[in-house]
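Heads up: numbering here begins at 1 and tracks the sequence. Below, all heavy atoms of this structure are taken into account, side chains as well, without hydrogens, waters or symmetry copies.
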Amino acid sequence: MFKTYPSNIPLGTSHNFILCREESFRIRARGYFRCLSYMPDTWRFWFSNAVDSTFASGETAYPDRLGGEWKILSARIGDGGRWSCGEMTEPAPVSGWVPVTFAGASEKTVSPGERFWSDEVSFTLPEGHMLVWEWELEGNEIPCTPDSQAPCFTAFGDEELIFHPECPLPDLFGARREVKNRIAFWGDSITQGCGTRNNFYEHWSARTALALGGEYSFWNLGLGWARGSDAALHEYWRYKAAQADTVCIVHGVNDINSGAYGAGKTASADDVIETLESNIKFLQKQGVHVILFTIPPFEYPGHNYMVWKTLRYAYPALAEAYGIPLFDFSGTLDARPPYGNRYIHGAHPDGEGGRIAAEALVASGIL
């Protein structure tokens, strides 16, 4: 299924949070998305009912925390009109709604930890228009991300839709088509796009996807607060990465500053290398081509800066040892490369930083 229905949006919709209330609740959730290709007219949508990575200290959301049992009451896709660069604070009108079903039914009860596909949906979207996803859910402990880069709107109970980034969405918006390469960006908030403006598609991963276009598939697996150890030590997030042809590993910032979930300490350079090797070996065993990114400049207090600097020296040898390309992500964003750690466009790169990094990555020719 993943090969037949590769991702067709450049934004990430993985899970580093979970919607929890004391009692069961009903929620209507809607998101608007710019597509990579407008040729496909057959879609499927995939959801994983678990949290992929650690959020903050992990008190609420942590890797492999299973979602609860909840029910899909209805789901549908529609045409949100022509996309224009700019923030949306109110839901735009939608036309041409088409229902989405699951095993032939409009409703589905979702079990904790369940992974599932929708049925095939026939839907043609005019060039440049926004794909809109909407579903109504009932239950509790529903995985999501609070950092969506898409215009997202939710309504609890019988309330009206309001802008709200904590919006449960499918993990994969798949469109049936042939592509040259199915690429996954596997990283943290810098990959997810935090620090850039909602609905501008100006972070490095989205800019790269849009520059290379619909002949490729891009699945953004970036999540705020995520660590490489979330991938190396847990199942659900790495399962997603293993479905790609090529994976760009962009972990490291939160390993250095926060450490593995539950470890109670930050990671040493040796810890990060061990984590990277685990993830590289796992992916290569699955037949996935791996590209390693150096860790970008960030706010590394005290000893953490020395860990980052040590890793800057170590990455070229690591990439060579595993026979994989190395992209100097740090060098594109550092005002004093190669070891300065003075970021040019914010610790979370803004739109200009995203442009610089994306242009360097596309020009490198390694994708």
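Counted by atom type alone, Asp171 and Thr13 present zero donor-acceptor pairs between their side chains at under 3.5 Å. Side-chain polar atoms of Asn49 and Trp70 form a donor-acceptor pair below 3.5 angstrom. For Trp83 and Asn199, the side-chain atoms include at least one donor-acceptor pair closer than 3.5 Å. Between the side chains of Thr145 and Gln192, at least one donor-acceptor pair of N or O atoms lies under 3.5 Å. Side-chain N/O atoms of Ser189 and His348 include a donor and acceptor closer than 3.5 Å. There is no side-chain donor-acceptor pair under 3.5 Å between Ser24 and Glu138.
Using a cut-off of 4.0 Å between Lys/Arg side-chain N and Asp/Glu carboxylate O, Asp245 and Lys180 are scored as not salt-bridged. Between Asp230 and Arg238, none of the side-chain N atoms (NZ, or NE/NH1/NH2) sits under 4.0 Å from a carboxylate O, so this pair counts as no salt bridge. Between Arg76 and Glu134, at least one side-chain nitrogen of the basic residue sits less than 4.0 Å from a carboxylate oxygen of the acidic one, meeting the salt-bridge criterion.
A cation-pi geometry, defined here as NZ or CZ lying under 6.0 Å from the six-membered ring centre and within 45° of its normal, does not hold between Arg227 and Tyr261. Geometric assessment of Arg34 against the ring of Tyr201 yields a positive cation-pi assignment under the 6.0 Å and 45° thresholds. Cation-pi geometry between Arg177 and Tyr5 is not satisfied (NZ or CZ under 6.0 Å from the ring centre, within 45° of the ring normal).
The shortest side-chain heavy-atom distance between Trp135 and Ile72 falls under the 4.5 Å cut-off. For the pair Asn16/Tyr62, no side-chain contact is recorded, criterion being any heavy-atom separation below 4.5 Å from C-beta on. Proximity of Cys144 to Phe17: side-chain heavy atoms (C-beta onward) are separated by under 4.5 Å at one or more points. With contacts defined as side-chain heavy-atom distances shorter than 4.5 Å, the pair Ile183/Leu367 qualifies. Counting heavy atoms from C-beta on, the side chains of Asp64 and Val51 never come closer than 4.5 Å. The shortest distance between side-chain heavy atoms of His289 and Ile291 falls below 4.5 Å. Contact check for Val100 versus Trp133: side-chain heavy atoms found under the 4.5 Å cut-off.
Not counting sequence neighbours, the partners of Arg115 by the salt bridge (charged side-chain N to carboxylate O under 4.0 Å, His left out) test are Glu235. Partners of Asp52 according to the salt bridge (charged side-chain N to carboxylate O under 4.0 Å, His left out) rule, which considers only residues two or more places apart in sequence or in another chain, are Lys240.
When all heavy atoms are compared, the tightest approach of His203 to Thr191 is CD2-O, 3.7 Å. The minimum heavy-atom distance linking Gly113 with Tyr236 is given by the pair O-OH, 2.8 Å.
Note: Phe2 and Trp117 meet the aromatic proximity criterion, with ring centroids under 6.0 Å apart.
Applying the salt bridge (charged side-chain N to carboxylate O under 4.0 Å, His left out) test to pairs two or more places apart or on separate chains, those with a residue in residues 85-111 are Lys71-Glu107, Lys108-Glu114.
Classification of the Phe116-Phe102 ring pair by plane angle, with boundaries at 30° and 60°, yields perpendicular.
Considering Phe293, Trp237, Phe185 in turn, Trp237 is the only one that fulfils the ring-ring contact (aromatic ring centres under 6.0 Å, His included) rule with His251.
Using a distance-only test at 3.5 Å, with no hydrogens or angles considered, a donor-acceptor pair links the side chain of Asp119 to the main chain of Ala103.
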